[in-house]
Amino acid sequence: MYNGKFILRFEDTDPKIKRPSLIFYDSIRQDLKWLGCKVDEEYIQSDRLPIYYEYTERLIRDGNAYVCECPPEEFRKKTLAKEPCPCRILSAAENLERWKRMLSGGYSEGQAVVRVKTDLEHPNPAVRDWPALRVIDTKKYPHPRVGSKYIVWPLYNLAAGLDDHLMGMTHIIRGKEHYTNMVRQKYMYEYLGWKYPEAIHYGRLKITGAFLSKSKIVQGIKEGIYAGYDDPRLGTFAALRKRGITPEAIKKMIIDVGTKSNDVTLSWENLFSYNRKILDATSNRYFFVAGHAKITVKNIPKIFNAKLPLHPEKPEKGFRQYSITPIGDENASFFYVAEKDITNMETGKIIRLMELFNVKIEEKAGNWAGATFASESYEDVRKSKAQLIQWIPVGEEYPCSIIMPDASVTEGYAESACKKLKPDAIIQFERFGFVRINEADEKLVAYYAHK
RNA sequence: GCUCCGGUAGUAUAGUCCGGUCAAGUAUUCCGGCCUUUCGAGCCGAAGACCCGGGUCCAAAUCCCGGCCGGAGCACCA
């Protein structure tokens, strides 16, 4: 939209607490690819430690950063009192020495940290002399990508702060939990003589009823509550993709929501509406009947050839065809219909098998209904507003399971034309909803998107 | 507790900086109608909101003060 460049940067500088897992690097690339976000450049911070070291040295040499040996509690006490800690007043030369020692393994975990100087009077104590790099025992906690090669690791503010400038970032758009990080980093930018990029901090994005919290998701999967990262109950991109939510719909919605600093709770309805707009124009239509209910139609006067358009407004998309040949003395034929439609039938009423013919309901018994042929023309029932229902000739059924958004499964039959569908196709089952095909082998397995 | 943000219909968003054209626009949702061989889509119509209280002003959703509510940060996490 603005001719910007898209840089993907992996911020994997914590081998201990937020230990990155190798598979995430690729799943993030996958999600972006699916979303249609073309990555122009990619950086991984764990490859860039020498760069961070170089700038750290410069900060120390200029007296704008120092190596602090204070235990955290000691430092906090000092900083809350707006007093410098003993390390802060050391000369640049002494600090440079400490820095060298830090790199060469002279300190173990927790014994030293590099701090960037700020205003000790800053009203927010969290800003005062923030930590920039610390020691990690990578023998004990090897980094998944670079192992035990480094023992001094940068914190977010140093690594991301330097990279934002070094990579030519013009705009930083990130969650509002990073607001104070901007305040902190601005001191460093000042020292380096750099201009801080435009920063926009947005609120948390939630979607009603979906779990987006990473730790909750991971835990749920571990406990077997969720089938995986793409469980339909989750709000992950993988889950949305599996459910047939298009990347275009997601993008439209995100752009619509914009960047406000208060939290937003998106409703599925809105997402579905964006999605439906896209899908309705493109998706082919097919018949699906939920359940295993049947209807018998007698007195069918001739052979019928039904030609059903794949899309009501786009005849060029083609058709599927079924031939109905009445058999036996009673000229009968048999169809699967939705259980719900049987329930709603009333004896004596006329209903229409869509695009086929009209029948009169004669009797009902549980999962079955008996009917007689009434007439062929749609015009006959148009004025009476007879119910139009989907049907599948017995013999043309294709067993089908549909995974619903709550992970329950709706069993039924799809029409045999669906055997040609490929996984990932998103279609509409008329009067049922949009679904994404997941498998089309012995049986059709689909994920329900929405009405 | 301290340091910051923010509060417009069910949901999301425009307008707020630079007061009037906002008796508040849009999308979605809901309701009614039209149309349609899907209870889908489309079309038409209707309903629905400026957190509260003061102040400034000819005039406040917009500016000021106070309150209430919500959120974020206060890590050798990102």
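All figures in this text were calculated on a predicted structure; none of them were measured in a lab. Reckoned from all heavy atoms, side chains included, excluding hydrogens, waters and symmetry mates. To find a chain, count down the sequence lines: A is the first, B the second, and so on, and within it residues start at 1.
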Trainee: Please state the C1' separation for the pair C30(B) and U21(B) - nearest whole angstrom.
Mentor: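 Result for the C1' pair: 32 Å, nearest Å.
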Trainee: Expressed as a whole number of angstroms, how long is the span from H450(A):NE2 to U38(B):C1'?
Mentor: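 Going from H450(A) (NE2) to U38(B) (C1'), I get 15 Å.
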Trainee: Using a strict 4.0 Å threshold on nitrogen-to-oxygen distance, state whether R48(A) and D12(A) make a salt bridge.
Mentor: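 Salt bridge: no.
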Trainee: Do R115(A) and V67(A) have side chains that get closer than 4.5 Å, going by heavy atoms?
Mentor: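 A side-chain contact under 4.5 Å is absent here.
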Trainee: Please determine, by modelled atom types, if Y156(A) and D14(A) share a side-chain donor-acceptor pair under 3.5 angstrom.
Mentor: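 On atom types as modelled, these side chains do not qualify, holding no pair under 3.5 Å.
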Trainee: With both distances under 3.5 angstrom, what nucleotide forms a Watson-Crick or G-U wobble pair with A72(B)?
Mentor: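 U3(B) - that is the nucleotide pairing with A72(B), both distances being under 3.5 Å.
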Trainee: Hey, mind stepping through C400(A) and F288(A) against side-chain contact (heavy atoms from CB on, under 4.5 Å) and telling me if it holds?
Mentor: CA-CA 8 Å; C400(A) 174; F288(A) 166 79; 3.7 Å; yes
Trainee: Considering only NZ, NE, NH1 and NH2 on the basic side and carboxylate oxygens on the acidic side, decide whether R320(A) and E415(A) come within less than 4.0 Å.
Mentor: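 E415(A) and R320(A): salt-bridged.
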Trainee: Who does C22(B) pair with, Watson-Crick or G-U, both distances under 3.5 Å?
Mentor: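 WC or wobble partner does not exist here.
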Trainee: Let's see if you can work this out: which of U13(B), A78(B), G40(B) has an atom nearest to the side-chain heavy atoms of V257(A)?
Mentor: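 The answer is U13(B), which lies nearest to the side chain.
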Trainee: Please determine if D424(A) and R436(A) form a salt bridge, counting it only when a charged side-chain N lies under 4.0 Å from a carboxylate O.
Mentor: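 Salt bridge present between D424(A) and R436(A).
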Trainee: Rounding to an integer number of Å, can you tell me how far L271(A) CG sits from G10(B) P?
Mentor: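 Those two atoms, CG and P, are 21 Å apart.
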Trainee: Is E109(A) salt-bridged to K16(A), going by a charged N under 4.0 Å from an acidic O?
Mentor: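 Yes, E109(A) and K16(A) are salt-bridged.
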Trainee: I'd like the C1' distance from C31(B) over to G48(B), given in whole Å.
Mentor: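 The same atom, C1', in both gives a distance of 11 Å.
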Trainee: Pick the P atom in G66(B) and in A23(B), then give their distance to the nearest Å.
Mentor: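 Those two atoms are separated by 29 Å.
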Trainee: Could I get a table of every N or O pair under 3.5 Å where one atom is in the protein and the other is in nucleotides 2-6 of chain B?
Mentor:
unit_1 : atom_1 : unit_2  : atom_2 : d
C5(B)  : O2'    : S261(A) : OG     : 2.9
G6(B)  : O2'    : N262(A) : ND2    : 3.2

Trainee: Determine the sole option in H292(A), E396(A), E397(A) for which the side-chain hydrogen bond (donor to acceptor under 3.5 Å, both in side chains) test with Y413(A) is passed.
Mentor: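 Answer after filtering H292(A), E396(A), E397(A): H292(A).
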Trainee: When the distance from CD1 of I351(A) to P of U37(B) is rounded to whole Å, what number comes out?
Mentor: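 Taking CD1 of I351(A) and P of U37(B), I get 18 Å after rounding.
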Trainee: According to the Watson-Crick and G-U wobble definitions, with both distances under 3.5 Å, which nucleotide is paired to C63(B)?
Mentor: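 Its partner is G55(B).
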Trainee: So, is R76(A) near the phosphate of A75(B), with a side-chain N or O under 4.0 Å from OP1 or OP2?
Mentor: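 R76(A) to A75(B) OP1/OP2: side-chain N or O found under 4.0 Å.
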Trainee: With both distances kept under 3.5 Å, what pairs with C34(B), Watson-Crick or G-U wobble?
Mentor: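 Across any shown strand, C34(B) pairs with G42(B).
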Trainee: With a non-hydrogen cut-off below 4.0 angstrom, is E11(A) in contact with a base, only sugar-phosphate, or nothing?
Mentor: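 Since only primed, P, OP1 and OP2 atoms lie under 4.0 Å of E11(A), the category is sugar-phosphate.
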Trainee: Going by an N to O cut-off under 4.0 Å, is there a salt bridge joining E11(A) and R9(A)?
Mentor: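 A salt bridge links E11(A) with R9(A).
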Trainee: Could you tell me whether the side chain of H311(A) reaches within less than 4.5 Å of the side chain of R285(A), counting heavy atoms only?
Mentor: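 In short, these two side chains touch, coming nearer than 4.5 Å.
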Trainee: So does K100(A) pair up with E97(A), basic N to acidic O under 4.0 Å?
Mentor: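 No, this pair does not count.
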Trainee: Using atom P in both nucleotides, what's the gap between A12(B) and C22(B) to the nearest angstrom?
Mentor: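 Going atom to atom, P in each nucleotide, I get 25 Å.
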Trainee: With the threshold set at 4.0 Å, does a side-chain nitrogen-carboxylate oxygen contact exist between K77(A) and E83(A)?
Mentor: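 No, this pair does not count.
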Trainee: Strictly by Watson-Crick or wobble contacts shorter than 3.5 Å, is anything paired with C17(B), and which nucleotide is it?
Mentor: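 For C17(B), the partner nucleotide comes out as none, under the 3.5 Å rule.
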Trainee: Just N and O in the side chain of R382(A): are any of them under 4.0 Å from OP1 or OP2 of U36(B)?
Mentor: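 So the side chain of R382(A) is within the cut-off, an N or O lying under 4.0 Å from OP1 or OP2 of U36(B).
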Trainee: Could you pull out the protein-nucleic contacts involving nucleotides 26-28 of chain B (nitrogen or oxygen on both sides, under 3.5 Å)?
Mentor:
unit_1 : atom_1 : unit_2  : atom_2 : d
U28(B) : OP1    : K277(A) : NZ     : 3.2
U28(B) : O2'    : N270(A) : OD1    : 3.0

Trainee: Grab the CD-P distance between E177(A) and A78(B) for me, whole Å please.
Mentor: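 So the two atoms are 13 Å apart, to the nearest Å.
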Trainee: Mind calculating the distance between OH (Y202(A)) and P (G7(B)) to the nearest angstrom?
Mentor: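 Distance, rounded to whole Å: 18 Å.
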Trainee: When all nucleic acid strands are considered with a 4.0 Å heavy-atom cut-off, which category describes T208(A): base, sugar-phosphate, or nothing?
Mentor: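 Counting heavy atoms under 4.0 Å across all strands, no contact is made by T208(A).
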Trainee: On a whole-Å scale, what distance lies between the P atoms belonging to A46(B) and U8(B)?
Mentor: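 Roughly 25 Å separates the two P atoms.
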Trainee: Under 4.0 Å between any heavy atoms, over every strand shown, what does E109(A) touch: base, sugar-phosphate, or nothing? Just pick one.
Mentor: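 If one applies the 4.0 Å heavy-atom cut-off, E109(A) turns out to touch nothing in the nucleic acid.
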Trainee: Which nucleotide in the list U38(B), A78(B), A12(B) gets nearest to the side chain of R285(A)?
Mentor: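 The closest nucleotide is U38(B).
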Trainee: Using the C1' atom on both, measure G20(B) against C63(B) and round to a whole Å.
Mentor: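 Taking atom C1' in both G20(B) and C63(B), they lie 14 Å apart.
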Trainee: Counting side-chain heavy atoms from CB outward, which of U38(B), A78(B), U37(B) is closest to E355(A)?
Mentor: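 Looking only at side-chain atoms, E355(A) lies closest to U37(B).
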Trainee: C77(B), OP1 or OP2 - any side-chain N/O from R134(A) closer than 4.0 Å?
Mentor: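 So the side chain of R134(A) is within the cut-off, an N or O lying under 4.0 Å from OP1 or OP2 of C77(B).
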Trainee: Report the residue (K385(A) or L388(A)) whose heavy-atom-nearest nucleotide on RNA chain B is the more 5′ of the two.
Mentor: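 Nearer the 5' end of the strand: K385(A).
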Trainee: Determine the contact category for G110(A): base if any of its heavy atoms lies under 4.0 Å from a base atom, sugar-phosphate if only primed atoms, P, OP1 or OP2 are that close, otherwise nothing.
Mentor: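 Answer is base: heavy atoms of G110(A) come under 4.0 Å of a base.
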Trainee: Under 4.0 angstrom, heavy atoms only, what part of the nucleic acid is H178(A) near: base, sugar-phosphate, or nothing?
Mentor: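 Here H178(A) touches the bases of the nucleic acid.
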Trainee: With a 3.5 Å cut-off and just heavy-atom distances, do the side chain of N157(A) and the base of A78(B) make a donor-acceptor pair?
Mentor: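 Answer is no: no donor-acceptor pair is held.
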Trainee: Start at the 5' end of RNA chain B and walk down; is the nucleotide closest to D341(A) or to P131(A) reached first?
Mentor: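 Result: D341(A).
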Trainee: Check whether more than 12 heavy atoms from other residues, nucleotides or ligands sit under 6.0 Å from atom OH of Y322(A), and answer yes or no.
Mentor: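 More than 12 within 6.0 Å, yes.
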Trainee: Rounded off to whole Å, could you give me the CD1-to-P distance for the I426(A) and A41(B) pair?
Mentor: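 Distance check: I426(A) CD1 to A41(B) P gives 17 Å.
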Trainee: Considering only the C1' atoms, how many Å lie between G15(B) and C2(B), rounded to the nearest integer?
Mentor: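 That atom pair is separated by 34 Å.
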Trainee: Please tell me if T13(A) has a side-chain N or O lying less than 4.0 Å from either OP1 or OP2 of A78(B).
Mentor: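 Answer is yes, contact under 4.0 Å.
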Trainee: Atom CG of L279(A) to atom P of G40(B): distance rounded to whole Å?
Mentor: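 In whole Å, G40(B) P lies 15 Å from L279(A) CG.
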Trainee: Starting from P on C76(B), measure out to CZ on R115(A) and report it in whole angstrom.
Mentor: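 Rounded to whole Å, this separation is 6 Å.
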Trainee: Please state the C1' separation for the pair U3(B) and A61(B) - nearest whole angstrom.
Mentor: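 Rounded to whole Å, the distance is 28 Å.
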Trainee: Could you check which of A78(B), G40(B), U13(B) has an atom nearest any side-chain atom of V264(A)?
Mentor: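 The closest nucleotide is U13(B).
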